[in-house]
There are 2 protein chains.
Amino acid sequence: MGLTKTELFTDQQNEIAQIAKAFSHPARVAIILHLLKINACINSDLVQEMGLAQATISQHLRELKEIGIVKGTIEGVSVNYCINAEKWEEVKLLFNEMFERYNPPPTNDCC
Amino acid sequence: MGLTKTELFTDQQNEIAQIAKAFSHPARVAIILHLLKINACINSDLVQEMGLAQATISQHLRELKEIGIVKGTIEGVSVNYCINAEKWEEVKLLFNEMFERYNPPPTNDCC
DNA sequence: TAATTACATTGCAATATTACGATGAATGAA
DNA sequence: TTCATTCATCGTAATATTGCAATGTAATTA
């Protein structure tokens, strides 16, 4: 079918999945890593940095903006993109909370 | 096209994206969270837990196994699934390293 | 052996994603 | 005003994902 049955899952599960989806394409990871390094940049910089078409980068940036990880402000003719600090912290906590849930079983009888 | 141009990106970028993809569906998140809580379980337990068909769960489990996050060992008629401790640690470090890269700009002149 | 249980795999339909050319909108420069 | 720059959006083609019924496989039980 291709239609995810989100109603079967908790809000937390859906939220983790939604944010993970933002990270699930290397172009978006590359954009995020570039923003982390450079602090702010414009669409055409990213077109230079990666080898994708401008329309494609714009589409990826929109997804990152929709999730809230990235912010963009109009700066004359260009748009300044950067990491949304508050959301970044939130995402970090959400994933860390999950990562820390694992406590290896005392006996190794599971697998 | 629908075909990700992985050759444009670094190994690290592709690896983060690949692992994030494993987390990008709420059913797989639910499976992982359940395994974290319960330590080990079988396919049919998950079918009860979530409302998806057995074939669908099996498919999600296969993806998690392919990535390495989950291990499965045959236990008579059933298969015991559990978190792969080594891979879990690796994934945790990979994501934490990324999360910690962010240092908010001294001046808020970006966005 | 025959039936049962637990999963995996196959095949398919519905939908989502990826990529990009073409085009549109807005700003600034000549 | 006209042109160039920057980016968003639209439309479309190629491919990927999701979900499940049907079927296959292997081990256990009667």
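The analysis underlying the following values was restricted to heavy atoms, covering all of them including side chains, and did not include hydrogens, waters or symmetry mates. Just so we're on the same page: letters track the sequence lines, and every chain starts at 1.
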For [X] and [N], give me the distance from atom [atom1] to atom [atom2], rounded to whole Å.
X	N	atom1	atom2	answer
A/Ile31	C/dA19	CD1	C1'	13 Å
A/Gln18	D/dT17	CD	P	19 Å
B/Lys21	C/dT18	NZ	C1'	10 Å
A/Glu63	D/dA8	CD	C1'	14 Å
B/Leu52	C/dC7	CG	P	15 Å
B/Asn43	D/dT25	CG	P	19 Å
B/Asn80	C/dA6	CG	C1'	12 Å
B/Glu49	C/dA6	CD	P	17 Å

So which protein N/O to nucleotides 26-30 of chain C N/O distances come out below 3.5 Å?
none

Original post:
So, do A/Val79 and A/Ile42 sit near enough that their side-chain heavy atoms are less than 4.5 Å apart?
Top reply: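 No - every pair of side-chain heavy atoms lies 4.5 Å or more apart.
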
**OP:** Could you check if a side-chain atom of B/Ser44 sits within less than 4.5 angstrom of a side-chain atom of B/Gln54, using non-hydrogen atoms only?
**Re:**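 Answer no - side chains too far apart.
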
Spatial distance of atom [atom1] ([X]) from atom [atom2] ([Y]) [nearest 0.5 Å]:
X	Y	atom1	atom2	result
A/Thr56	A/Met50	OG1	CE	9.0 Å
B/Arg28	B/Leu33	CZ	CG	13.0 Å
A/Glu7	A/Asn14	CD	CG	9.0 Å
A/Phe23	B/Phe23	CZ	CZ	12.0 Å
A/Gln18	B/His25	CD	NE2	13.0 Å
A/Ile31	A/Leu64	CD1	CG	5.5 Å

**OP:** Answer yes or no: does a side-chain N or O of A/Lys65 lie under 4.0 Å from OP1 or OP2 of D/dA8?
**Re:**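 Affirmative; the distance criterion is met.
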
Original post:
Do any side-chain nitrogens or oxygens of A/Arg62 fall under 4.0 Å of OP1 or OP2 in D/dA8?
Top reply: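 Answer no for this pair, as no side-chain N or O of A/Arg62 is under 4.0 Å from OP1 or OP2.
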
Subject >> Near-strand residues of residues 53-61 of chain A, defined as heavy-atom separation under 4.0 angstrom from DNA chain D >> reply: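 A/Gln54, A/Ala55, A/Ser58 - these, ordered by number, are the residues of the stretch whose heavy atoms sit under 4.0 Å from the strand.
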
Original post:
Among residues 2-17 of chain A, which residues get a heavy atom nearer than 4.0 Å to DNA chain D?
Top reply: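 The answer is A/Gly2, A/Leu3, A/Thr4, A/Lys5.
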
Original post:
Quick one: do A/Glu63 and A/Lys21 make a salt bridge, cutoff under 4.0 Å?
Top reply: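 Looking at A/Lys21 together with A/Glu63, the answer is no, because their closest N to O distance does not fall below 4.0 Å.
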
**OP:** Would you confirm whether B/Gln13, through its side chain, and B/Thr10, through its main-chain N or O, come within 3.5 Å as a donor-acceptor pair?
**Re:**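 Yes; at least one donor-acceptor contact below 3.5 Å.
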
**OP:** Work out which heavy atom in B/Tyr81 is nearest to a heavy atom in B/Leu35; give both atom names and the distance.
**Re:**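 B/Tyr81 and B/Leu35 have their closest heavy atoms at O-CD2, 3.3 Å.
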
**OP:** Counting heavy atoms from C-beta on, name the nucleotide in D/dC7, D/dT18, C/dC7 closest to the side chain of A/Ser78.
**Re:**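 In terms of side-chain proximity for A/Ser78, the closest of D/dC7, D/dT18, C/dC7 is D/dC7.
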
